[in-house]
Amino acid sequence: MIDALLLLAAVPDAPSFSAWDYAWLAAGIAIFAHVSNRIAREGGAVTQVAEYGAPEVWIAVFLAMLYFLPGLASYGPAESPRPPRSITAGDIGLSSGLVLGIVALVLSSLVRNGRTINGLFGLDRVPLWKAFVVGAILIFAAYPLLELGQRVTSQFGNGPEDLQELVKVFWSSRDTTLRFAIFLSAAIVAPIAEEIFFRGLIYGVAKRFGGLFSAALFNSALFAFIHGNIPNFGPLFVLALLLTLAYEYSGSLYVPMCMHALLNSSMLVRLLYEPDLPS
């Protein structure tokens with residue numbers, strides 16, 4: 001699945017920050033400073049993790065390994081170049097179906113163990129429409145922080161070729177079905193799955209047994225590491241941290257899901273209007 005920060009990296013360099021950009025950046029910092037201050041107050045962190053026990057621990061370990069081992073392998077010695085393989089809508093659909101299957105398996109396992117999904121992830125705390133509004137405001141505030149981080153770390157090079165190739169496919173393809181499949185994967189499947197896995201379970205378990213601060217750092221570092229993309233480690237870490245703050249601020253997984261979906265979809269739309277991509 002396409003990652004939002006990789007999309008950001010794929011867009012050709014933008015001009016230097018304008019006065020508007022600096023104002024936007026300052027506003028973003030102020031908003032997330034307010035969110036952090038609210039969370040830091042007594043009772044400000046509102047996600048409920050007391051219910052997390054052995055079932056969630058085992059599921060979180062499974063998910064962490066599921067992402068960690070392929071991520072670790074991506075840091076190994078570079079393989080010899082392989083001929084490019086044609087990517088089809090069926091390939092994207094199969095990948096998305098596999099991810100959604102894992103989501104269904106995880107959720108059904110939680111239900112069988114007596115958990116309620118709404119209660120575990122706070123889905124009943126904030127209506128979906130309100131989560132969308134809050135998520136839109138927070139991702140708008142986060143965007144200049146992510147772009148600043150991307151500009152700083154882009155000097156270290158491009159991301160992995162296989163992911164970069166998928167970005168190129170979306171940009172260059174005139175196959176509407178293929179583009180739609182990629183869009184659904186990036187804007188719907190990835191946000192749902194990754195927020196349930198990383199913020200809902202891995203972070204929830206880490207917070208239950210290690211506390212909020214260490215859990216947020218661990219979860220963000222893992223999220224950045226598993227993408228196997230050293231140049232984007234910094235902005236991916238920041239993205240994961242901001243999504244975690246949004247989760248704690250709202251108490252509902254709907255909010256980081258909406259943020260993640262809006263970021264990915266906006267990057268794809270932006271990509272369509274770029275005249276060229278870096279090679």
Side-chain angles (χ1 to χ4, degrees), residues 1-9 28-29 32-33 35-36 39-40 45 47 49 52 56-76 99 102 106 121 138-139 141-160 162-163 190-250 253 255-257 259-260 263-264 267:
M1 284 180 285
I2 300 178
D3 181 83
L5 269 297
L6 183 68
L7 290 172
L8 196 60
I29 293 172
F32 278 100
V35 168
S36 301
I39 292 171
T47 59
V49 296
Y52 283 68
E56 290 75 28
V57 170
W58 286 114
I59 292 172
V61 170
F62 164 74
L63 292 172
M65 290 298 100
L66 184 67
Y67 280 94
F68 177 80
L69 294 178
L72 182 63
S74 68
Y75 290 96
V99 171
I102 296 174
V106 165
F121 300 144
L138 291 179
I139 201 60
Y143 188 88
L145 300 174
L146 301 178
E147 181 148 2
L148 178 63
Q150 180 58 50
R151 291 187 186 209
V152 170
T153 57
S154 62
Q155 59 184 310
F156 297 105
N158 294 323
D162 57 339
L163 291 176
I192 291 174
E194 292 186 3
E195 294 313 309
I196 290 174
F197 295 163
F198 283 92
R199 253 60 63 187
L201 284 162
I202 296 175
Y203 169 72
V205 167
K207 180 186 175 184
R208 170 69 175 83
F209 296 100
L212 187 153
F213 182 74
S214 57
L217 293 180
F218 167 75
N219 180 64
S220 300
L222 177 64
F223 183 81
F225 176 83
I226 59 93
H227 286 84
N229 192 346
I230 292 176
N232 280 331
F233 186 94
L236 281 166
F237 180 90
V238 171
L239 173 62
L241 189 59
L242 297 182
L243 291 171
T244 302
L245 290 176
Y247 184 33
E248 281 292 357
Y249 178 75
S250 65
L253 202 61
V255 172
M257 276 184 186
M259 290 174 66
H260 203 149
L263 179 63
N264 282 16
M267 290 296 98

Criterion side-chain contact (heavy atoms from CB on, under 4.5 Å) on Leu146 and Leu263, from CA distance to verdict
CA-CA 10 Å; Leu146 301 178; Leu263 179 63; 3.8 Å; yes
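For Met259 against Leu242, the heavy-atom pair with the smallest separation is CE-O, 4.4 Å. Scanning both residues, Pro144 and Ala141, for their nearest heavy atoms gives CD-O, 3.4 Å. Taking all atoms of both residues into account, the shortest heavy-atom contact from Gly200 to Tyr247 is CA-OH, 4.3 Å. Residue Met65 comes nearest to Pro70 through the heavy atom pair O-CD, 4.0 Å, listed as atom of the first residue, atom of the second, then distance. When all heavy atoms are compared, the tightest approach of Ile39 to Leu245 is CD1-O, 3.3 Å. The shortest non-hydrogen separation linking Ala206 to Phe218 is CB-CD2, 4.2 Å.
Applying the salt bridge (Lys or Arg N to Asp or Glu O under 4.0 Å) test to residues at least two apart or on different chains, none of the pairs has a partner in residues 62-73. Sorted by first and then second residue, the ring-ring contact (aromatic ring centres under 6.0 Å, His included) pairs involving residues 192-212 (not counting sequence neighbours) are Tyr67-Phe198, Phe198-Phe223.
Lys207 places no side-chain N or O within 3.5 Å of a backbone atom of Phe213 that could act as its donor or acceptor partner. Side chain of Glu248 to backbone of Thr47: a donor-acceptor contact under 3.5 angstrom is found.
By the 4.5 Å heavy-atom criterion applied to side chains, Leu241 and Asn219 are not counted as neighbours. A heavy-atom distance below 4.5 Å is found between the side chains of Leu253 and Pro256. Taking 4.5 Å as the limit, some side-chain heavy atom of Leu222 sits within range of a side-chain heavy atom of Phe68. You'll find the side chain of Val205 stays beyond 4.5 Å of the side chain of Val61, heavy atoms only. Side chains of Phe121 and Met257 form no contact here, defined as non-hydrogen atoms less than 4.5 Å apart.
With rounding to the nearest 0.5 angstrom, the CD1 atom of Ile102 is 12.5 Å from the CD1 atom of Ile59. The line from NE2 of His260 to CD1 of Ile139 is 8.5 Å long, rounded to the nearest 0.5 Å. Atom OG of residue Ser220 and atom CZ of residue Phe233 lie 9.0 Å apart, to the nearest 0.5 angstrom. Between the CG atom of Leu201 and the CD atom of Glu56 there is a distance of 7.0 Å, given to the nearest 0.5 Å.
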